[in-house]
Amino acid sequence: MSKQQKTAITPTRVDNFPEWYQQVIKAADMAENAPVRGCMIIKPYGYAVWENMQRVFDDRIKAEGVQNAYFPLLIPLEFISREAEHVDGFAKECAVVTHHRLEKGEKGLQPAESAKLEEPYVIRPTSETIIGDAMSRWIQSYRDLPLKLNQWANVMRWEMRTRMFLRTSEFLWQEGHNAFETAEEAREDALKMLRVYADFAENTLAMPVIVGEKTEDERFPGADATYTIEAMMQDGKALQAGTSHDLGQNFARSMGIRFQGRDGSEAYAHTTSWGISTRLIGGMIMTHGDDDGMIMPPKVAPIHVAIIPVLREDSDAAQILDYCERLSLRLKELGLRVQLDTSDRRTPDKMWDAVKKGVPLRVEIGGREVEAESLTCVRRDLGRESKANYSLEDFTGKVQMLLDEVQAELLRRAKAFRDSRIRDVSSLAEVKALYIEESAAQGAQNGFACADVSILSDPGFEALCKEFSLTPRCLPFEDKGRKVLIGKAY
RNA sequence: CGGGGCAUGGCUUAGUCUGGUAGAGCGCUCGCUUUGGGAGCGAGAGAUCGCAGGUUCGAAUCCUGCUGCCCCGACCA
């Protein structure tokens with residue numbers, strides 16, 4: 001029946017990936033566009049994902065000795081202008097606050113000329129400068145080091161083109177800022193935080209990543225080195241999923257982060273900064289989602305188990321609901337996030353709702369289950385074929401294992417997909433051939449090309465990149481800097 | 001910021017060329033029948049046609065300006 005094969009999301013991934021992406025977000029009720037250009041409203045179901053990410057990651061960095069703090073949204077213009085490369089990098093996308101009062105004008109409210117700020121403020125695009133300024137006061141001796149700070153905050157970058165979660169003018173993130181006595185410590189820290197990111201992406205979000213270093217062109221403005229985790233989306237494009245920067249003494253010099261060393265001499269600190277953002281939610285959608293909508297990795301899923309009472313005319317509704325309540329309670333006691341759908345919608349609608357939201361396990365309870373003290377469970381990642389019956393006892397004993405299996409399966413799948421789309425190439429011509437072939441193919445889904453780093457200095461490289469919208473994604477650590485990964489990117 | 005497209009109830013849109021005062025589907029509300037992978041019938045609510053000017057007896061429709069959104073590039077978490 002064609003009706004049964006119908007996908008919940010139109011269009012499908014193959015038909016139109018960008019549109020599919022938007023529709024998944026809408027169908028799962030995660031976010032919507034805001035009345036402000038380039039900004040989004042993160043709805044409760046989407047925000048719950050972010051909260052789960054925050055919880056896991058916050059615990060993780062505290063284990064690394066990082067302390068949370070909060071710095072202002074507004075940054076004195078003069079701070080931003082201190083680090084030359086930083087200015088170049090961010091000046092063109094800064095929102096600026098110039099007035100502090102509104103007054104009635106000819107066209108309604110307008111900024112009051114009399115309330116113009118002598119020095120405008122910049123809405124933070126990132127906080128290296130204002131945190132550096134604080135550090136310059138807080139750090140006086142080598143005994144004050146290392147200093148490891150993090151803030152969960154919103155930042156604003158006036159982007160030309162925005163996409164929900166992936167690139168919005170305002171986004172939520174964590175930005176960590178660490179200061180050290182020596183260059184080695186800073187470098188090691190930047191690398192360590194990258195490993196923390198990689199571990200978080202793979203083991204919490206089930207998103208396989210390639211760890212590596214950015215080429216000079218792709219580096220953070222003001223950094224000596226930028227390290228990155230790169231993920232591949234289901235359309236073969238790369239997503240920079242997190243970055244960690246070794247800032248050397250660049251910001252220490254421009255913000256005056258000095259300390260007296262062990263030998264009594266004065267020195268500049270060595271700093272790092274590292275961030276992941278709500279972009280990761282978009283990454284998860286494009287990594288795990290299918291043509292029926294989202295598939296949530298259990299570790300960050302807002303709902304682990306959706307319980308759907310199947311009420312029919314011939315069934316005892318009160319008895320079924322009571323049974324559902326008891327099950328819900330038992331699962332909650334196991335520490336699971338459970339949703340019992342008691343809305344008065346039709347059963348099939350409730351089921352599709354759980355499917356589109358990507359709830360890892362869907363449990364159906366009707367008269368049959370109540371009678372047999374059992375339940376019917378379907379795994380979102382495997383679809384209706386995985387429908388299975390469990391006794392209540394059996395299920396409560398196995399449910400965590402089932403969730404772990406979903407988590408593992410999502411990672412396995414994503415890894416297999418990615419690995420099948422990385423091709424070794426040995427020349428510019430081969431890169432070109434690869435992307436010509438790919439773009440000619442029906443429903444072309446590109447991937448990464450892996451080439452010797454010498455390709456970067458090939459005279460034709462830049463033109464080729466431009467022709468196919470390619471960028472060097474990173475120099476993977478596993479190739480010890482000898483190879484470069486190339487691909488289209490978000 | 002360049003190139004292309006679009007703007008009409010909550011959503012998708014017809015109507016625009018050839019001006020005559022807005023129609024549908026989905027969703028929503030109510031009722032009945034339904035409910036194990038997206039139900040059916042009936043009744044109802046809901047639109048100053050993106051904004052501001054202009055032409056006209058009359059503008060969703062024609063003209064000018066503006067704004068926003070989407071897609072493709074350049075830039076970026």
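Lettering follows sequence order; numbering is per chain, from 1.
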Item checked: For A:Tyr21, all residues meeting ring pair (Phe, Tyr, Trp, His ring centres under 6.0 Å), sequence neighbours excluded -> none

Next item on the list: Using atom CG of A:Leu375 as one end and atom P of B:rG36 as the other, report the distance to the nearest whole Å.
Entry: 19 Å

Give each protein N/O atom lying under 3.5 Å from an N/O atom of nucleotides 32-34 of chain B, with the pair distance.
unit_1 : atom_1 : unit_2   : atom_2 : d
B:rU34 : OP2    : A:Glu313 : OE2    : 2.9
B:rU34 : O2     : A:Arg346 : NH1    : 3.2

Check: So, do A:Asn33 and A:Met164 sit near enough that their side-chain heavy atoms are less than 4.5 Å apart?
Finding: yes

Margin query: Salt bridge or not between A:Glu462 and A:Lys466? Use side-chain N to carboxylate O under 4.0 Å.
Written below: no

Note to self: Roughly how many Å apart are B:rG9 and B:rC66, using the P atom of each and rounding to a whole number?
What the structure shows: 24 Å

Notebook entry, point to check: Are A:Lys432 and A:Phe468 in a cation-pi setup, meaning NZ or CZ lies under 6.0 angstrom from the ring centre and within 45 degrees of the ring axis?
Noted result: no

Checklist line | Gap between atoms CG and C1', on A:Asp353 and B:rG27 respectively (whole Å) | finding: 14 Å

Next item on the list: Figure out the NZ/P separation between A:Lys350 and B:rG37, and round it to whole Å.
Entry: 14 Å

Next item on the list: Whenever both distances are under 3.5 Å in a Watson-Crick or G-U wobble pair, mark it; put RNA chain B into dot-bracket that way, with [ ] for crossing pairs and | when the partner is on another strand.
Entry: ((((((((.[[[[.)....(..]]]].((((((.....)))))).....[[[[[..)....]]]]])))))))....

Note to self: Taking any heavy-atom pair under 4.0 Å as a contact, classify A:Gly366: base, sugar-phosphate, or nothing.
What the structure shows: base

Next item on the list: Let me know the distance between CD1 of A:Ile307 and P of B:rG36, rounded to the nearest Å.
Entry: 19 Å

Note to self: Restricting to ring pair (Phe, Tyr, Trp, His ring centres under 6.0 Å), what partner residues turn up for A:Phe90, sequence neighbours left out?
What the structure shows: A:His86, A:Phe220

Next item on the list: In whole angstrom, give the distance that lies between atom CH2 of A:Trp352 and atom C1' of B:rU35.
Entry: 16 Å

Note to self: Exactly one of A:Arg219, A:Lys214, A:His245 should register a side-chain hydrogen bond (donor to acceptor under 3.5 Å, both in side chains) with A:Thr226. Which one does?
What the structure shows: A:His245

Check: When the C1' atoms of B:rG46 and B:rC28 are considered, how many whole Å apart are they?
Finding: 9 Å

Note to self: Looking at A:Arg345 and A:Asp353, is any side-chain nitrogen of the basic one under 4.0 Å from a carboxylate oxygen of the acidic one?
What the structure shows: yes

Check: If you look at every strand shown and take non-hydrogen atoms under 4.0 Å, does A:Lys356 touch a base, only sugar-phosphate, or nothing?
Finding: base

Notebook entry, point to check: Roughly how far apart, to the nearest Å, are B:rG65 and B:rG4 at atom P?
Noted result: 16 Å

Next item on the list: Using a strict cut-off of less than 4.0 Å between a Lys/Arg side-chain nitrogen and an Asp/Glu carboxylate oxygen, indicate whether A:Asp199 and A:Arg195 qualify as a salt bridge.
Entry: no

Next item on the list: In plain terms, say whether A:Arg330 and A:Glu393 are close enough for a salt bridge, that is, a side-chain N and a carboxylate O under 4.0 Å apart.
Entry: yes

Item checked: Footprint string (nucleotides 67-77 of chain B, 5' to 3'): B base within contact, S backbone only, - free, heavy atoms under 4.0 Å -> -SS--SSBBBB

Note to self: Is there, by distance only and without an angle test, a donor paired with an acceptor across the side chain of A:Arg362 and the base of B:rG37 below 3.5 Å?
What the structure shows: yes

Notebook entry, point to check: Between B:rG36 and B:rC41, how far is it from one C1' atom to the other, in whole Å?
Noted result: 24 Å

Note to self: Just to be sure I understand the rule, does A:Glu385 reach a base, reach only the sugar-phosphate, or reach nothing, if contact means heavy atoms closer than 4.0 Å?
What the structure shows: nothing

Checklist line | Integer angstrom distance from the P of B:rG23 to that of B:rG15 | finding: 15 Å

Checklist line | Same-atom distance (P) from B:rG53 to B:rU13, integer angstrom | finding: 29 Å

Notebook entry, point to check: Rounded to whole angstrom units, what separation is found between the CH2 atom of A:Trp158 and the P atom of B:rC1?
Noted result: 12 Å

Next item on the list: Please measure how far the P atom in B:rA22 lies from the corresponding atom in B:rA45, and state the result in whole Å.
Entry: 16 Å

Item checked: Under-4.0 Å salt bridge between A:Glu64 and A:Lys148 -> no

Note to self: Could you work out, with ring pair (Phe, Tyr, Trp, His ring centres under 6.0 Å) as the rule, every residue matching A:Phe448, not counting sequence neighbours?
What the structure shows: none

Check: Is it true that A:Arg326 and A:Asp322 make a salt bridge, defined as a side-chain N closer than 4.0 Å to a carboxylate O?
Finding: yes

Item checked: Nearest-angstrom distance from the residue atom NZ of A:Lys357 to P of B:rG38 -> 19 Å

